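As the structure lists them, so they are numbered: ligands from 1, and atoms in each ligand from 1. Everything numeric here is computed off the predicted structure, so don't read it as measured data.
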Amino acid sequence: MTGYREYHRRSVEQPQEFWAEKAALIDWHRPFEQVLDASRKPFAAWFRGGLTNLCHNAVDRHLPERAQQAALVWESTEVERSRSYSYAELHREVQRMAAILQRHGVQQGDRVLIYMPMIPEAVFGMLACARIGAIHSVVFGGFAAVSLATRIDDAAPKLILSSDAGSRAGRVVPYKPLLDEAIARAAHKPEKVLMVDRGLHAFEPVAGRDLDHAAESAAVGDSQVPCVWVDSTHPSYILYTSGTTGRPKGVQRDTGGYAVALATSMRDIFCGRPGGTYFCSSDIGWVVGHSYIVYGPLIHGMTTVLYEGTPVRPDAGILWRLAERHRAQVMFSSPTAVRVLKKFDASFMRDRDLSSLERLFLAGEPLDEPTASWISEMLGKPVVDNYWQTETGWPILSIAAGVEALPPKAGSPGVAMPGYRVSVLDELSGEPVPAGHKGVLAIDWPLPPGCMQTVWGDDQRFIDTYWSNFASRQAYSTFDWGVADEQGYVTILGRTDDVINVAGHRLGTREIEESISSHPAVAEVAVVGAADEVKGQQAMAFVVARDASRTADAQAREDLQREIMQTVQTQLGAVARPARVLFVSMLPKTRSGKLLRRSIQALCEQRPTGDLTTLEDPAALDQIRKALADQA
Ligand code: PRX
């Protein structure tokens, strides 16, 4: 194991040398003066003084060699269209989008919120921001008005790029009404809204505010917009993610460190070949889409596939047909997508020529062994688990097959990736626990390049949230339980906080609770994640109604249930809607009034509730039991 061991040892013991070498994988307009600025721990500033640009590294840099190579391939099974853009065409489109942004006053450091379906203009928008030093904040299209409004207020975008509608499983999902409602709710008002009209859902533009993308595009023509060289530490984007509180955190990413980390991961982890095709079926609204649909593959000179559609439409063979059509070398998906496919007849995967495919990467949630071996056997290819977070931007744990193809270990995403000083710590003291013992997975300072710089606009929250969880040690908490073996393989055992993971989508139970509480009939609510065979987890809501008559009979309960689900759907989005809403007349709490979410979760999963000495009233747990039994 010397290859990997030595590689990782060097990355953490001599980070300056290690990352200085890796920095050569990207272009610098001006070399950096310092690899790591350690003057403001726990912050870490990578490649300070260096001038670079993400868009240059993703697009322009490849023009001499790859102008005619496909850069972006768009496939939509929703609107039955596909389109390919060469690097030269991508360069043109991105400049056009950048020219539109500039024409409407967007400058370096300004925020641009992108609320878009999976269409090429979303990618042009991201790259155009990077090109001119504007900071993008992509909001997942599955989020609704309240989620969107919170993010508009936090990021305070000068301009919003959006579209009339997306489409999900053949059904048009209008975006514009949600966007208008979100802007009406938000205290911050964007000056302009740039609308890509797909002709899916008619809308009335707001005079003086809404711009038509097609008209703007025609007006700017084939403009040339040079890349703005920004400091390596200049923020490239903000991406919101859920945590313990109801208020999502804006994960802020830098420019140079991110580019270097992605370039490193493309070679050492994903083993991508420049000129090859990378097909990641995630969404640009999530971190996986940022890193491995847009920036990673393009920085590495690959062709990236942007897929608008589900894994089962028109049939469960679609992902593999696309992989075949585009000769995918690397694929990236989620365990849930594979579990969904598993329910279909295996014939959909046969008779596909997947000879180009080398590996399938899966991430975002725990990968169970049966799912991993099923898909690996079906494909006849290695399946590689990888564990990371919005905060880190690229894998913390995996197998770096580009360095040494260590054998995978069932149930574990793998070993520490370069630069990550991973340890498993006692939850309170912060002392490392021995191999084989459960603790909190933590990362010692410094987080490697590419990881979050801070919480947007709130340095203190970055310190308080991530670096202040252990008494004896200032380490970054992943908020995941883990257990390491003697060889350094870590197994992830779920979150330590109130974050749940539904089909690989990270959701905060507090946000869902706040939304449910806004329903006038709700007195109290607890939301927990309960194990689900396909989606990993599902959200279960236990509600105490203000007025007993609202839950008096089956019809009344059903009506209220529907209203509550609808409330969450219209406020936060369908992605956050609980799978079940059950009624109780009290919730289990400690004597000091703290909700015992873990006990509720245990009951949902038919596990023992553990220590209940602090429980205020045992009858509350009986109510949960009864509610569960009644719905079964
Ligand atoms: O709990 C871990 C789980 O997803 C969380 C991060 O979610 P998100 O910020 O959306 O980033 C996803 C990036 C892939 C983690 O804290 N998680 C992610 N990957 C895995 C995982 N749990 C187990 N195994 C994984 N491979």
>> Nearest 0.5 Å, please: how far is CG in Leu161 from CE in Met116?
In response: 4.0 Å
> Quick one: are Tyr387 and Leu441 in side-chain contact, heavy atoms under 4.5 Å?
Replying inline: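 They are in contact (side-chain heavy atoms under 4.5 Å apart), so the answer is yes.
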>> A side-chain contact here means heavy atoms from C-beta on lying under 4.5 Å apart; do Arg151 and Tyr115 qualify?
In response: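 No, side chains not in contact.
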>> Suppose we screen for ring pair (Phe, Tyr, Trp, His ring centres under 6.0 Å). Which residues come up paired with Tyr476, at least two apart in sequence or across chains?
In response: Tyr466, Trp467
> Step by step, would you call Phe361 with Tyr292 a ring-ring contact (aromatic ring centres under 6.0 Å, His included)?
Replying inline: CA-CA 11 Å; Phe361 290 84; Tyr292 297 112; 8.7 Å; no
> Tyr258 vs Tyr237 aromatic rings, parallel, tilted or perpendicular, using cut-offs 30° and 60°?
Replying inline: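 If you compare the ring of Tyr258 with that of Tyr237, the planes turn out perpendicular.
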List ligand 1's nitrogen or oxygen atoms that come under 3.5 Å of a protein nitrogen or oxygen, with the partner atom and distance.
from: ligand 1; atom 1: 1 (O); to: Asp480; atom 2: OD1; distance (Å): 2.7
from: ligand 1; atom 1: 1 (O); to: Asp480; atom 2: OD2; distance (Å): 3.3
from: ligand 1; atom 1: 4 (O); to: Gly364; atom 2: O; distance (Å): 3.4
from: ligand 1; atom 1: 4 (O); to: Asn501; atom 2: ND2; distance (Å): 3.4
from: ligand 1; atom 1: 9 (O); to: Thr390; atom 2: N; distance (Å): 2.8
from: ligand 1; atom 1: 9 (O); to: Thr390; atom 2: OG1; distance (Å): 2.6
from: ligand 1; atom 1: 9 (O); to: Arg506; atom 2: NH1; distance (Å): 2.7
from: ligand 1; atom 1: 11 (O); to: Thr390; atom 2: N; distance (Å): 3.3
from: ligand 1; atom 1: 16 (O); to: Gln389; atom 2: NE2; distance (Å): 3.0
from: ligand 1; atom 1: 16 (O); to: Asp480; atom 2: OD2; distance (Å): 2.5
from: ligand 1; atom 1: 16 (O); to: Arg495; atom 2: NH1; distance (Å): 2.8
from: ligand 1; atom 1: 19 (N); to: Gly364; atom 2: N; distance (Å): 3.1
from: ligand 1; atom 1: 24 (N); to: Glu365; atom 2: O; distance (Å): 3.3
from: ligand 1; atom 1: 26 (N); to: Asp385; atom 2: OD1; distance (Å): 2.9
from: ligand 1; atom 1: 26 (N); to: Asn386; atom 2: O; distance (Å): 2.8

